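Below: the structure, in structure tokens.
Just so it is clear: chains get the letters A, B, ... in the order the sequence lines come, proteins before strands, and each one is counted from 1. All of these numbers come straight from a predicted model, not from anything done at the bench. Only heavy atoms go into these numbers, but all of them, side chains included; no hydrogens, no water, no symmetry mates.
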Number of protein chains: 2
Amino acid sequence: MDQIEIFKALSNKTRLQILTWLKEPEKHFPDHKISCDHNNLGVCVGHIQQKAGLTQSTISEYLSLLQRAGLVTATRMGQWTYYKRNEAAFEALSNLIASEI
Amino acid sequence: MDQIEIFKALSNKTRLQILTWLKEPEKHFPDHKISCDHNNLGVCVGHIQQKAGLTQSTISEYLSLLQRAGLVTATRMGQWTYYKRNEAAFEALSNLIASEI
DNA sequence: TTGGAATATCGGGAATTACCGATATATATT
DNA sequence: AATATATATCGGTAATTCCCGATATTCCAA
């Protein structure tokens, strides 16, 4: 758990938005059931990219950055990569700020 | 409470160190009683700078950056400026991460 | 009121980050 | 095998951040 990597990952408006969108995927990605997300794997890159309005390469990089920071997990299924929040990481970060930092 | 400004402020090793030092000033600045810190005002810039090992200008900027983010408060007393943690901000941030982000 | 001490601000070079377009890779379909 | 789709990676420019030295400002002391 690299604190600085986490805080850097959170220091960007688009990435923060993505994380809050992933809190309620069914709300923010209403068409996810009929396309990417079969189970509870998360949301695929393309949907996130469309909603964010930045290029595919940028969003792909942002998502892998969030993954390296441990804030999301990625699952590859066929041609899609599904990203979902790692709630444990947020809980740990909250506790870290409340007690360590 | 500008989230991004806060996370940017926390995205630096030296600034994180300063914040943890300020959690226990008497431990990390053992000579603070006989010099700067008369009451509970915090720790003066010079002591923080010595411990951090960076230049005076850098530390001064880091401290005002932390202040702008709301993570510390500054009190000017004579020629010294004393910085101390704003614990309410950390609590608020912890809660924010636990519930909003 | 002049000099010194503590801090703040200014200007700048090197490194990092924010995005992009182009291209590569992997998978699915025909 | 050839093509199409989804994602990842690469190379690059503009903006931001890191940290410095030099200078300005504020306050105190002689």
Side-chain angles (χ1 to χ4, degrees), chain A residues 2-19 22 29 31-32 34-38 41-69 71-84, chain B residues 2-19 22 29 31-32 34-38 41-69 71-84:
Chain A
D2 183 336
Q3 303 174 202
I4 292 180
E5 197 176 4
I6 292 175
F7 289 130
K8 280 184 181 173
L10 295 173
S11 298
N12 176 279
K13 188 181 165 191
T14 301
R15 291 194 294 266
L16 277 181
Q17 281 183 329
I18 291 172
L19 289 171
L22 292 181
F29 306 94
D31 52 343
H32 78 312
I34 56 167
S35 52
C36 286
D37 186 15
H38 304 297
L41 297 170
V43 181
C44 64
V45 179
H47 283 171
I48 298 171
Q49 186 247 316
Q50 279 179 27
K51 194 165 173 70
L54 298 183
T55 63
Q56 187 272 324
S57 63
T58 297
I59 298 304
S60 178
E61 279 177 11
Y62 280 8
L63 287 169
S64 68
L65 185 154
L66 288 171
Q67 185 192 15
R68 282 196 300 277
L71 297 171
V72 302
T73 59
T75 309
R76 183 97 196 197
M77 283 277 290
Q79 24 187 187
W80 292 280
T81 306
Y82 300 95
Y83 284 92
K84 67 183 299 193
Chain B
D2 183 336
Q3 303 173 203
I4 293 180
E5 196 175 5
I6 292 175
F7 289 130
K8 281 184 182 172
L10 296 172
S11 298
N12 177 278
K13 189 181 165 190
T14 301
R15 290 194 295 266
L16 278 181
Q17 280 183 328
I18 291 173
L19 289 171
L22 291 181
F29 305 95
D31 51 344
H32 79 311
I34 56 167
S35 50
C36 287
D37 184 15
H38 304 299
L41 298 171
V43 182
C44 64
V45 178
H47 282 171
I48 298 171
Q49 187 248 316
Q50 278 179 28
K51 193 163 174 71
L54 298 183
T55 63
Q56 187 271 325
S57 63
T58 296
I59 297 305
S60 177
E61 279 175 12
Y62 281 7
L63 288 169
S64 66
L65 186 155
L66 288 171
Q67 185 192 17
R68 281 196 301 277
L71 296 171
V72 302
T73 59
T75 309
R76 183 96 196 195
M77 282 276 292
Q79 21 186 187
W80 292 280
T81 305
Y82 300 94
Y83 284 92
K84 67 184 298 193

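- Distances shorter than 4.0 Å separate none of the side-chain N or O atoms of A:Tyr83 from OP1 or OP2 on D:dA6.
- For the pair A:Gln50 CD and D:dA6 C1', the computed distance is 12 Å after rounding to whole Å.
- Side-chain nitrogen and oxygen atoms of A:Ser60 include none within less than 4.0 Å of the OP1 or OP2 phosphate oxygen of D:dA6.
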Using a cutoff of under 3.5 Å, can you pull out all pairs of nitrogen or oxygen atoms linking the protein to nucleotides 24-29 of chain D, with atom names and distances?
none

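- In this structure, the CD1 atom of A:Ile48 is 9 Å from the P atom of D:dT7, given to the nearest Å.
- Listed by chain and residue number, A:Ser57, A:Thr58 satisfy the side-chain hydrogen bond (donor to acceptor under 3.5 Å, both in side chains) test with A:Thr55 (two or more places apart in sequence, or in another chain).
- The distance from atom CG of B:Leu66 to atom P of C:dA8 is 12 Å, rounded to the nearest whole Å.
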Can you check each nucleotide of nucleotides 10-19 of chain C against protein heavy atoms at under 4.0 Å and return B for base, S for sugar-phosphate only, - for none, in 5' to 3' order? B------SSB
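- With sequence neighbours excluded, the residues forming a side chain to side chain contact (heavy atoms under 4.5 Å, CB included) with A:Arg76 are A:Thr81, listed by chain and number.
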Report the C-alpha separation of B:Tyr83 and B:Ile18 in whole Å, then their side-chain angles, then the decisive distance to 0.1 Å, and conclude whether the side-chain contact (heavy atoms from CB on, under 4.5 Å) test is met. CA-CA 10 Å; B:Tyr83 284 92; B:Ile18 291 173; over 6 Å; no
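- What separates CD1 of A:Ile59 from C1' of D:dA6 is a distance of 15 Å, to the nearest Å.
- Put simply, CD on B:Gln56 and CD on B:Glu61 are 9.5 Å apart, with the number rounded to the nearest 0.5 Å.
- A:Leu41 places its CG atom 16 Å from the C1' atom of D:dT7, with the value rounded to the nearest Å.
- Taken to the nearest 0.5 Å, the CH2 atom of A:Trp80 stands 9.5 Å off from the NE2 atom of A:His47.
- When the side chain to side chain contact (heavy atoms under 4.5 Å, CB included) test is applied to A:Lys51, the partners found at least two apart in sequence or on another chain are A:Trp21, A:His28, A:Phe29.
- Taking atom CG of B:Leu63 as the reference point, atom C1' of D:dC18 lies 15 Å away to the nearest angstrom.
- Going from atom CG of B:Leu54 over to atom OG1 of B:Thr14 covers 4.5 Å, rounded to the nearest 0.5 Å.
- Atom CG of residue B:Leu63 and atom CZ of residue B:Arg15 lie 10.0 Å apart, to the nearest 0.5 angstrom.
- Listed by chain and residue number, nothing satisfies the side-chain hydrogen bond (donor to acceptor under 3.5 Å, both in side chains) test with B:Ser60 (two or more places apart in sequence, or in another chain).
- The separation between A:Gln49 atom CD and C:dG21 atom P is 11 Å, rounded to whole Å.
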